[in-house]
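Since the structure comes first, as structure tokens, the remarks are kept for the end.
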Amino acid sequence: MTAQIEDWQVIVIGGGIAGASVAAELADLGARVVLLEREAQPGYHTTGRSAALFTIAYGPPVIRALSRASAAAFQAPGDAMRPHPLLRPRGAVFLARPDQRATLEALETELGASVKPLGQAALRDMLPLLRPDYCAAGLIDRQAADIDVDALHHQYLRRLAASGGELRCGAEVLALQRDGGGWRVETPGGALRAEIVVNAAGAWADELAGKADVAPVGLMPKRRTALLVAPPEGAAHDSWPMAVDVDERFYLKPDAGKLLISPADETPSPPCDAQPEELDVAVCIDRIQRAFDLPVRRIEHKWAGLRSFVADKCPVAGYAPDAPGFFWLAGQGGYGIQSAPALARFAAALALDRAPPADVTDEGVGAAALAPGRRALAA
Ligand SMILES: Cc1cc2nc3c(=O)[nH]c(=O)nc-3n(C[C@H](O)[C@H](O)[C@H](O)COP(=O)(O)OP(=O)(O)OC[C@H]3O[C@@H](n4cnc5c(N)ncnc54)[C@H](O)[C@@H]3O)c2cc1C
């Protein structure tokens, strides 16, 4: 007896924010979509490990454009799929020591009206733990906000289900091969077939392409470490903005009654279940304590996640030039949550050969800048 093969129109591989968001958008456009996730829970890897910030003042121009085009989705009022707001005002302050003034000035020129300069007194008011001699100047992005990542992710998964799509966890894609005009995918639970596969496998996206004999895009997963520590007794820390070193050598952010601190490390790593290294933890505390009067008596929680980049640090979204029906959605780096709403709508339209959303193209995002075959990715 031959085993049954399930037929779908689109198989999305990877249940993080990229896979969940594009699967929901594809299903909304009428496609029959199944979302396959290897782990028991979607969001177990990078999506569940982020610093959860939305800011249009971060990342390369394409990311800023995608983030601007995502703002409306983040600000939309709640509905049955998601009763609570997705954003909570936070603000983000870039800090510069005297020797970093030129970098801060260059950033101010680049970011224009989205940031405002802050003097010493304002900096100390906003960030009372800042050491008096540490910082010479700052810039604030007042629009920066905390994202409820879990709510965003689950909103997409609910939308997928409401449009007739399915999420399958514990469904690792073990093999992937051309099958007539489409693709055949092997999982521990059986084989599936579809016209289109979407590679949203995060740090594993190149590895997954390898299973399909598709050329890699040169993805570089980079480990980033984060710690939760207690704020000083009695400090009104919840109202503090996020504080980011202008050269991105550390950041500090209030997080659910604690302070999230990071050395903003970017250590190349193979795709894996990333864990924090003791050296990065020590570097984190050292860098934070140079800038802030923050005694660290106990680390309450620590973790690491992989931020995956291609050479030009822009996401990859589009059909593989060497494999019809194989669609890339990878390389979102350190900005994959805040850019997900617009990137998912754009990618879903490209994948189904529809016109790209006008609000996204109006921000200056074009298919060529995201294409997997773009020149910047050539080896
Ligand atoms: C410390 C840290 C801070 C960050 N801060 C921010 C921030 O403030 N704002 C922001 O916007 N972004 C931030 N990011 C980046 C953001 O988290 C990522 O860009 C985003 O989560 C990437 O989502 P993804 O779905 O591509 O990857 P993932 O969430 O890793 O999902 C990929 C999924 O694919 C699955 N998979 C892989 N191979 C297979 C297979 N063969 N079969 C089935 N499933 C498979 C994996 O199990 C995984 O669940 C941060 C990241 C880190 C680590």
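Indexing begins at 1, ligand by ligand and atom by atom, following the structure's order.
- When only interatomic distances are considered, the shortest N/O to N/O separation between A52 and ligand 1 falls below 3.5 Å.
- Between K211 and E186 there is no salt bridge, since no side-chain N of the basic residue sits under 4.0 Å from a carboxylate O of the acidic one.
- If you number the atoms of ligand 1 from 1 as listed, the ones under 4.0 Å from a heavy atom of H45 come out as 30 (O), 46 (C), 47 (O), 48 (C), 49 (O).
- Between R32 and E6 there is no salt bridge, since none of the side-chain N atoms of the basic residue sits less than 4.0 Å from a carboxylate O of the acidic one.
- Residue Y44 places every heavy atom at 4.0 Å or more from ligand 1.
- When the heavy-atom distances from atom 17 (O) of ligand 1 to T46, D273, I147 are ranked, the shortest goes to T46.
- For the residue pair Q100 and D245, a side-chain donor N or O sits within less than 3.5 Å of a side-chain acceptor on the partner.
- From the protein, the heavy atom lying nearest to atom 51 (C) of ligand 1 is R307 CG, 3.5 Å.
- Numbered from 1 in the order shown, with element, the atoms of ligand 1 that lie under 4.0 Å from a heavy atom of E39 read 47 (O).
- Remark: R178 is positioned above the aromatic ring of W183, its terminal NZ or CZ atom under 6.0 angstrom from the ring centre and at most 45 degrees off the axis.
- Any N or O atom pair closer than 3.5 Å counts here, and A51 shares at least one such pair with ligand 1.
- Nearest to atom 50 (C) of ligand 1 among the protein's heavy atoms is S50 CB, 3.6 Å.
- The shortest heavy-atom distance from A171 to ligand 1 is under 4.0 Å.
- Inclusion of I17 in the set of residues having an N or O under 3.5 Å from an N or O of ligand 1 is warranted.
- To the nearest 0.5 Å, atoms CG (D148) and NE2 (H154) are separated by 10.5 Å.
- For E25 (side chain) and R345 (main-chain N/O), no donor-acceptor pair under 3.5 Å exists by modelled atom type.
- Scanning the protein for heavy atoms near atom 2 (C) of ligand 1, the closest one is R49 O, 3.5 Å.
- Annotation for ligand 1: atoms under 4.0 Å from non-hydrogen atoms of L36 are 43 (C), 44 (N).
- For atom 29 (O) of ligand 1, the closest non-hydrogen atom of the protein is T47 OG1, 2.6 Å.
- Relative to the ring axis of F54, R88 does not place its NZ or CZ within 45° and under 6.0 Å from the centre.
- Within the 3.5 Å criterion, the main-chain N or O of L127 finds no donor-acceptor partner in the side chain of H237.
- Here L329 has no heavy atoms under 4.0 Å from ligand 1, in either its backbone or its side chain.
- Y44 and D273 share a donor-acceptor pair across their side chains, judged by distance under 3.5 Å alone.
- Among protein heavy atoms, atom 9 (N) of ligand 1 sits closest to L53 O, 3.1 Å.
- For atom 31 (O) of ligand 1, the nearest non-hydrogen atom from the set G16, G334, G14 comes from G16.
- At the top of the distance list for atom 44 (N) of ligand 1, counting protein heavy atoms only, stands R38 N, 3.1 Å.
- Annotation: atom 48 (C) of ligand 1 to nearest protein heavy atom, E37 OE1, 3.4 Å.
- In terms of N/O distances under 3.5 Å, ligand 1 is not approached by G43.
- Of all atoms in ligand 1, listed by their number and element, those nearer than 4.0 Å to a heavy atom of L208 are 41 (N).
- A distance-only check finds a donor-acceptor pair linking the side chain of D206 to the backbone of L219 [under 3.5 Å].
- Under the 4.5 Å side-chain contact rule for hydrophobic residues, Y134 and W240 share a cluster.
- For ligand 1, the atoms lying closer than 4.0 Å to a non-hydrogen atom of W204 are 37 (C), 38 (N).
- Taking a cutoff of 4.0 Å between a charged side-chain nitrogen and a carboxylate oxygen, D265 and K222 do not qualify as a salt bridge.
- Judged by the shortest distance from any of its heavy atoms, F309 lies outside the 4.0 Å radius around the atoms of ligand 1.
- A cation-pi arrangement is absent between R224 and W303 under the rule of less than 6.0 angstrom and at most 45 degrees off the ring axis.
- Close approach of ligand 1 to Y251 (heavy-atom distance below 4.0 Å) involves ligand atoms 3 (C).
- Of the residues V296, L227, D286, the one that meets the side chain to side chain contact (heavy atoms under 4.5 Å, CB included) test with V281 is L227.
- Considering backbone and side-chain N/O atoms, G333 comes within less than 3.5 Å of an N/O atom of ligand 1.
- Proximity of a side-chain donor or acceptor of R97 to a complementary backbone N or O of D133 within less than 3.5 Å is not detected.
- A salt bridge links R90 with D238: the closest approach of a Lys/Arg side-chain nitrogen to an acidic carboxylate oxygen falls below 4.0 angstrom.
- At the top of the distance list for atom 11 (O) of ligand 1, counting protein heavy atoms only, stands Q338 N, 2.8 Å.
- Of the polar atoms of A18, at least one N or O is found under 3.5 Å from an N or O of ligand 1, judged by distance alone.
- Between V173 and ligand 1, a contact under 3.5 Å exists for at least one N or O pair.
- Within the listing of ligand 1, atoms 10 (C), 11 (O), 12 (N), 15 (C) sit less than 4.0 angstrom from a heavy atom of Y335.
- F326 and Y319 have their aromatic ring centers separated by at least 6.0 angstrom.
- Interface atoms of ligand 1 facing G202, defined by a heavy-atom separation under 4.0 Å, are 26 (O), 27 (O), 32 (C).
- By the criterion of a heavy-atom distance under 4.0 Å, the backbone of A200, and not its side chain, is placed next to ligand 1.
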